Structures are given as structure tokens and as C-alpha cells.
2 protein chains.
Amino acid sequence: MTYSTVGVTPSLSDRLTEAILGIIRDAGLGPGDAIPSARELAKRFELTTPTIREALRKLEATGAVEFRHGSGTYVGPTINNVVLANPHRPPITKESVLQLIGARLVIEPAVAREAAVSRQPENLERLEAAVTNALTPPGGPAFALNFHVELAAASGNPLVEELLASLLKVRVREQQQIRQLYDNRNRDHEEHRAIVDAVRAGDAAAAERLTREHLEHIQRAIEAADFPELP
Amino acid sequence: MTYSTVGVTPSLSDRLTEAILGIIRDAGLGPGDAIPSARELAKRFELTTPTIREALRKLEATGAVEFRHGSGTYVGPTINNVVLANPHRPPITKESVLQLIGARLVIEPAVAREAAVSRQPENLERLEAAVTNALTPPGGPAFALNFHVELAAASGNPLVEELLASLLKVRVREQQQIRQLYDNRNRDHEEHRAIVDAVRAGDAAAAERLTREHLEHIQRAIEAADFPELP
DNA sequence: AAGGCTAAGTGATTTAGTCACTTCGTGACT
DNA sequence: AGTCACGAAGTGACTAAATCACTTAGCCTT
């Protein structure tokens with residue numbers, strides 16, 4: 001048996017999450033907007049607050065809502081996501097990091113190719129911004145990662161972007177560590193630069209090849225590095 | 001501002017989910033195993049059951065645990081996942097389904113190529129089983145989808161498999177509907193067959209091309225179909 | 001006008017208890 | 001001996017009514 005919950009009446013909690021999402025959508029709320037308070041929802045559904053809170057916690061786990069103590073509950077950033085980074089990720093091992101790079105090696109070259117084919121002006125601009133900002137990160141150390149997400153965005157398919165963003169998000173801490181072990185920002189930047197140029201030129205084959213090589217460089221650096229444990 | 005929870009002390013609920021996951025991992029529990037009861041956990045953490053339940057609900061939302069009323073709480077199937085299908089997915093539109101196919105068109109050909117390169121005997125066997133079982137599905141209508149997941153598994157990278165499985169899982173209902181509108185099982189099967197043969201032969205280029213064409217066929221069928229709303 | 005203080009609103013958690021469901025063993029019946 | 005009904009124990013599901021902690025905004029003081 002795979003799932004015991006097949007054809008079974010969904011739990012109250014399940015129905016409640018759906019109902020709350022219904023309220024959000026019917027009211028046309030987007031990320032950042034406030035939703036009714038737990039007490040208000042409790043009244044509306046004729047339930048008690050702990051029950052409401054359970055449902056809200058489920059929504060919180062997937063980023064659909066966000067609690068702000070003393071302030072209220074708000075629509076989260078990933079409410080419209082199709083796929084998510086697991087917030088309860090297993091501990092990090094060298095193997096898991098290599099697995100991540102392996103997956104990216106399968107997917108990202110094809111994504112770069114698609115970006116070179118698509119070549120939408122707006123996306124190219126964002127890509128350009130990502131590659132130039134990389135050397136002077138304004139938003140912290142994780143900002144440089146955005147290049148790869150922007151590359152995915154440049155494919156023109158939001159779902160592909162979402163997929164890459166999720167893939168990179170789960171391993172932010174590893175990526176930061178990789179960056180410490182293998183801090184070759186100049187080469188990184190050069191390679192990013194070359195990829196962007198290929199995309200701009202619409203040279204799909206080059207974009208694909210350069211992305212593959214770029215990831216292979218990172219892969220080799222990780223394989224060579226000894227990997228201390230994280231806290 | 002993107003996240004208000006940066007550098008802030010994580011909430012009790014957050015720490016609790018981590019602690020519970022710690023218990024699961026320390027005890028070496030896997031999917032299907034029972035975890036301590038909510039009352040037991042409440043005693044252990046010196047908290048009350050609603051608080052514990054909130055944490056468990058968060059874990060439930062990501063498939064890390066599963067409630068079974070009257071029986072207990074068990075480790076869920078996706079506890080070790082890196083990336084997840086959003087259980088609170090937005091409503092379906094024709095556009096969203098086309099977006100999904102678009103993303104698959106970017107990714108899956110590259111995955112098929114990788115499978116043809118990897119060619120591990122065990123994976124080939126599972127792939128074979130998936131393609132032969134497709135015509136006589138023993139596990140319901142969604143079973144035929146497994147071909148594409150198995151193809152991803154054949155790439156040799158579990159994360160790639162996870163990614164594809166998540167991608168297909170969010171749209172199970174759409175896929176079922178597609179299957180109703182475009183029930184061309186014979187052609188489907190033939191095309192699957194051809195892809196498997198290419199993978200078996202180690203012909204990466206053919207595997208890639210055939211997978212792309214297969215998805216393009218589906219894409220065209222969806223574009224042509226008018227898309228009724230779901231309940 | 002500026003700044004500190006208070007009060008209302010909200011989330012966070014507690015406490016105590018009831019109801020519903022599952023499991024499994026006991027014991028009666030066949 | 002085998003089978004079935006039953007019931008007790010354990011568990012999740014939910015209620016009820018509070019209290020504590022935090023944020024915000026408006027008022028009041030200066």
C-alpha cells in the first residue's frame with residue numbers, strides 16, 4: 001500500500017487548509033497581504049483556534065502563509081508554487097552535494113540551451129544584472145546563486161525557474177560552504193559572462209556546452225575538497 | 001523585504017519540528033515506522049499536545065509524517081526528499097498544463113540522454129517493467145505515468161527522479177484528464193517502447209530526440225483540446 | 001513637531017477535558 | 001480447534017477558556 005488516505009474522507013484539517021486557500025484566492029490576495037486573524041477564522045468556521053492554527057501551520061510549512069508574532073498572518077511568497085524546496089531537509093553530506101551537482105549537470109545545460117533559443121529582452125536584462133552584480137553582492141552571500149536562477153528564468157518558462165530555484169534553495173548552506181572552499185569568484189564570473197554572451201548571441205550549442213563545463217568545474221572542486229561537517 | 005524571519009530566533013514550532021526530525025533520525029526510523037504519540041512527545045518536551053500537533057502538522061504538510069486516526073503517527077514517504085510537489089497547488093488552467101509540458105520539454109530529453117549514457121541493468125529492468133505494464137495498469141490510471149519517472153530514475157541520479165516525480169505529482173489530476181481527452185494509449189506505448197530501445201542501445205541522441213517528439217505530441221494534443229474545468 | 005507611553009489586536013502556549021477511531025487480545029460461541 | 005463478537009486501552013481530533021508575549025498605532029506629553 002502506498003497511501004492509506006485514498007478515497008477516504010479528508011480530515012477536517014485538510015478541508016480547512018483548502019477553505020483558507022479559497023478565502024485567499026477569492027479575496028484576490030497575493031504574497032505579503034494579510035489574511036484574517038486566527039480568532040476571526042475560528043469564528044467564521046465555528047471552530048476553535050488550535051484547530052485553525054493546525055491548518056495554518058500546514059500552510060506555513062509550504063510557504064503559503066507566514067506568521068508574524070503580534071502582527072498577523074500573511075500570504076507567503078510561494079503560495080503559487082508548483083514545486084517546493086523541502087524545508088525539513090535531511091542533513092548534508094558530501095554525497096548529497098555531489099548528487100545535487102549531478103542533477104544540475106543533467107538539467108541546466110538544457111535550460112541554458114532553451115534560454116539561448118528564447119532570448120526575451122526583459123529576461124536578458126535580468127540575466128545581465130545578475131552577472132554584473134555577482135562581484136558586489138548587495139543582498140548577502142547567497143546572491144551570486146541568482147545567476148543560475150535567472151538563467152532558468154530566461155528560458156521563458158516560469159516553472160523551470162521555480163524548479164531551479166527550489167533545487168538551489170534546499171542547499172543554500174552547502175552552496176555557501178562550497179563558496180568558501182572553492183572561492184574562485186573570478187573564474188566563476190568569467191564563466192557566467194561567457195554563458196550570457198552565448199545566450200545573447202542565440203548560440204544554443206555554446207550556451208549548453210559552457211554551462212556544462214561550468215558545472216563540471218564546480219563538480220571537480222567539490223570532489224577535490226574535503227568536506228567538514230556543518231553545525 | 002523578502003523574509004522577515006532572517007536572523008530571528010526560530011519559533012518554538014520550528015525548533016520542535018527539527019527536534020522531532022532529530023528523534024526520527026536518531027532512532028533510525030524510515031517511512032512507515034511509527035513515531036512516539038503526541039502525548040508521549042508532549043511529556044518528553046514538557047509542552048502541551050496542541051503545540052506538538054502544530055509541529056506535526058507542519059511535518060505532515062511536507063510528507064515527513066503521516067497521521068492515522070486512532071492508530072498513531074508514522075514516518076511519511078517523502079521525509080528524505082529534497083524537493084516536493086506543493087500539496088496546496090493552485091487551481092488548474094489550460095495554461096498551467098501547457099507550462100508543465102513546456103518544462104518537461106526542456107528537462108526530459110536531457111534526462112533521457114543521461115539514461116542512455118548511464119544504462120544500469122537494474123534501472124533498465126524497472127524501465128522495461130513500466131513500459132510493459134502500461135497497457136494493463138494494476139495500480140490505477142495514474143500508473144502509466146510511472147514510465148517517465150522510471151526514465152528519470154534510469155538516469156542514475158535519485159534527485160533527478162525525485163524532481164520528475166514531484167513535477168508529475170502536482171498535476172496528477174490534469175494528467176488523468178489529458179489521458180481522457182487524448183487517450184492514445186497505443187501510440188503512447190509505441191513511443192515509450194522506442195525510447196526504451198534507444199536507451200538500451202545506448203543511443204543518447206536518439207533517446208533525446210524521441211523523448212522530445214513524444215512530449216511534443218502530447219503538447220499538440222493538449223493545445224488542440226478544449227479544456228473543461230475540474231470540480 | 002518629536003518622542004515616549006499606553007491600549008488594542010494578534011499570535012503563542014497552556015490546561016483540562018471529551019469524542020472518535022483503531023488495534024488487539026480475551027472469551028464465548030460454533 | 002477455529003472463528004467471531006466484544007470491549008478495553010491507546011491514539012488522534014477537537015473543544016473550551018484562559019493567559020502570556022509581541023506588534024502596532026494612536027494618543028499624550030514634552
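Note on naming: letters A, B, ... go to the chains in the order of the sequence lines (proteins, then strands), and numbering restarts at 1 for each one. Since the structure is predicted, the reported quantities are computational estimates derived from the model, not experimental observations.
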Candidate nucleotides [options], ranked by approach to the side chain of [X] - the nearest:
X	options	answer
P50(B)	dT14(C), dA13(D), dG11(C)	dT14(C)
L12(B)	dT13(C), dA13(D), dA12(C)	dT13(C)
T51(B)	dT14(C), dT15(D), dA13(D)	dT14(C)
S71(B)	dA13(D), dT22(C), dG11(C)	dT22(C)

At less than 4.0 Å, is any side-chain N or O atom of [X] found next to OP1 or OP2 of [N]? Yes or no.
X	N	answer
R68(A)	dT23(D)	no
T49(B)	dG12(D)	no
R53(A)	dA12(C)	yes
S13(B)	dA12(C)	no
T48(B)	dA16(C)	no

Which whole-number value in Å describes the distance from [X] [atom1] to [N] [atom2]?
X	N	atom1	atom2	answer
F45(B)	dT14(C)	CZ	C1'	17 Å
L41(A)	dG9(C)	CG	P	17 Å
L56(B)	dG12(D)	CG	P	8 Å
H69(A)	dC22(D)	NE2	C1'	4 Å
E54(B)	dG11(C)	CD	C1'	10 Å
R57(B)	dC14(D)	CZ	P	6 Å
I35(B)	dT11(D)	CD1	C1'	12 Å
E66(B)	dG12(D)	CD	P	13 Å

Practice problem: Might you confirm whether atom CD of Q120(A) has over 12 heavy atoms from other residues, nucleotides or ligands at distances under 6.0 Å? | Solution: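 Above 12, so yes.
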
Quiz item: More than 12 non-hydrogen atoms from neighbouring residues, nucleotides or ligands closer than 6.0 Å to CD on E40(B), yes or no?
Solution: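 Buried by this count: over 12 neighbours within 6.0 Å.
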
Quiz item: What about R39(A), does its side chain sit under 3.5 Å from the base of dG9(C) through a donor-acceptor pair?
Solution: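 No such pair is found, so the answer is no.
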
Quiz item: Side-chain donor-acceptor pair under 3.5 Å between T93(A) and E95(A), yes or no?
Solution: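 Short answer, no.
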
Exercise. Over all heavy atoms of both residues, which pair between V83(B) and S166(B) is shortest? Give the atoms and the distance, please.
Key: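 Closest heavy-atom pair between V83(B) and S166(B): O-OG, 3.4 Å.
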
Practice problem: May I ask you to say what S11(A) touches in the nucleic acid, namely base, sugar-phosphate or nothing, with a heavy-atom cut-off under 4.0 Å? | Solution: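 Here S11(A) touches no strand at all.
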
Practice problem: Could you walk me through whether L168(A) and R104(A) pass side chain to side chain contact (heavy atoms under 4.5 Å, CB included), step by step? | Solution: CA-CA 9 Å; L168(A) 294 177; R104(A) 292 178 59 189; 3.5 Å; yes

